[in-house]
Amino acid sequence: ARRKQSAADAGCRNPGSGIAKQCRRGYSLLLLSLYQNPLPISTDFPPFRTLRPQKSDKGRGECGNFAKNFSFSFLPDIIEVVFRTTGKIPVYQQEGILLKRIFTKALCLVCAGALALSLAACGGKADSAASSTASSSALGSASDYDYQNFNYSDGLDEKGYWEGIRALDYVTLPEDFASVAIKRSDIEPTSEEVEEQISNLLSQYSSTEHITDRAAADGDTVNINYVGSVNNVEFTGGSAENYDLTLGSGTFIDGFEDQIIGHKPGETFDVNVTFPDGYSDSTDASGNAVKLSGQKAVFTVTLNYISESVLPELTDSWVADTFGTFGTPNNIYTVEALRAYYQNQLYTSNLNTAVMDYLLENSTFKSIPQQVMDYQVNQCLNYYSTLAGYYGYDLDGLVQNLLGYESTDDMLAHLESSLEDYSKEALLYQAVAESLDITPTQEQLDAYSDYKDTYGQNYCTMVALMDAVTSTLTSGAVVS
């Protein structure tokens, strides 16, 4: 609830959330995994647990479908969670009802280091034979990298290029890279995909009814108060009031949510759980350390009410009342206009993806500069190191509990090919810019000016350059 309200206060709950059209497939998977398995915003609630993604061939296939059908309507909530988790919270901007384009590629790039989260959900942990192979990874050990001091602008020059690197020395582009042929049938959104966006939008504007006359069931969102203790000692961060929890979401540690099912609003009861190994210590009221890792805990829970969502009726009047007051330049005042908006957003996103997929598949990479590869590794490890602190884990503890790997080194070894792919894409953008002498416009640079203090000017310039390259490539694409 706190996450949704914050996003709403920021002016994010609008059709403009579909503007994340630049997100590439890997980033979309990441964002989707964050949507499906929301990360805790605050460390004040120890019952939060890290979710172990499902690991199966079916899961890998579903990840591909999820990426293809990623619902941009969920981006406002995801953006809030991602930036709070990374500790870098942007000031939300609004142009009419559309989010500023900082959330197109910037959100994707900020999260690129967390690509492992989605990859783990898609690929899972390798078997023993694969682990043996992974242990000989060329990436080496996490201890070899200074990821704690990672800076997004490290290794980038004032043009947004990799410092001292000419990308065309490493990448040979296909002859038709500036005019890629795309079949319209491959990128045209279906009516079902458009309606899915509409449905998700309505869900964002749903109202809530408080139900008090039945027992809680799996899938219900319940509002609870709770007070936790270990060995009869209450600990810091173990209590909350009026907390909204979806039963069956796996948000809290194992067993917590299951023990709420069957209780009715107004009841107070105990929930008995065990904190996972590796969970960070807390303190009592006097500041004395309270060990949580592997400890049994009792949470006294009061079920306040059950929440049920009621969707608004999709009418011209609702669209006009909801979005017309923003004076949007997109003229979204009717249901027809809203559908046309999503149709265009999905089409543009599909076109961007198709063009970049073609270039990645048809370009030849001589090698990857060590500097670029090290950047990806440091970014990945830095993300998880920050995330570990928010979960109350050390880095190895989080990797073991969240992704199911034996250690950070084990995870890094399994991610080698994925980090290599991202390095190739980063080089590809620069190679296109060098070939066509592309530079970002002042407008594209200004879109990221508010973030230079956090990410550095050179990084913001690189993101703007990627926008410029994307715009040039999609404009030159031949769609038939």
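All values derive from a computational prediction rather than experimental measurement.
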For [X] and [Y], work out which heavy atoms get closest and say how close.
| X | Y | value |
| --- | --- | --- |
| V222 | A216 | CG1-CB, 3.9 Å |
| I182 | L351 | CG1-CD1, 4.3 Å |
| T246 | E257 | O-OE1, 3.4 Å |
| D410 | E406 | OD2-N, 3.1 Å |
| S153 | Y459 | OG-N, 2.9 Å |
| A388 | L398 | CA-CD1, 3.4 Å |

Counting only N and O atoms by type, is there a donor-acceptor contact under 3.5 Å from the side chain of [X] to the main-chain atoms of [Y]?
| X | Y | answer |
| --- | --- | --- |
| S286 | N288 | no |
| S249 | L245 | no |
| N350 | L346 | yes |
| Q259 | G255 | yes |
| T322 | W318 | yes |
| S471 | D467 | no |
| S423 | L419 | yes |
| S282 | V290 | no |
| N225 | T302 | no |

Judged by modelled atom types alone, do [X] and [Y] share a side-chain donor-acceptor pair under 3.5 Å?
| X | Y | answer |
| --- | --- | --- |
| Y455 | N151 | no |
| S317 | T315 | no |
| Q343 | E188 | yes |
| N378 | N382 | no |
| D396 | T408 | yes |

Quiz item: For T268, which of T300, V301, L303 qualifies under side chain to side chain contact (heavy atoms under 4.5 Å, CB included)?
Solution: T300
Find out whether [X] and [Y] are in side-chain contact, i.e. whether some heavy atom of one side chain is under 4.5 Å from a heavy atom of the other.
| X | Y | result |
| --- | --- | --- |
| F256 | V271 | yes |
| L360 | E425 | yes |
| Y279 | N401 | no |
| Y333 | D321 | no |
| R184 | Y347 | yes |
| F299 | S229 | no |
| V298 | N232 | no |

Practice problem: Check whether the ring centres of Y226 and F269 lie less than 6.0 Å apart, and answer yes or no. | Solution: no
Quiz item: Are the aromatic ring centres of Y375 and F150 under 6.0 angstrom apart?
Solution: yes
Quiz item: Just wondering, are more than 12 heavy atoms of other shown residues or ligands nearer than 6.0 Å to CG in N231?
Solution: no
Quiz item: Are there more than 12 heavy atoms of other residues, nucleotides or ligands under 6.0 Å from atom CD of Q148?
Solution: yes
Quiz prompt | Qualifying residues under side chain to side chain donor-acceptor pair (under 3.5 Å), relative to N223, sequence neighbours excluded | solution = D244, N304, Y305
Exercise. List the steps and the verdict of side-chain hydrogen bond (donor to acceptor under 3.5 Å, both in side chains) for Q457 and T461.
Key: CA-CA 6 Å; Q457 180 62 61; T461 300; 3.2 Å; yes
Exercise. Could you tell me whether E308 and R214 have a side-chain N and a carboxylate O separated by less than 4.0 Å?
Key: yes
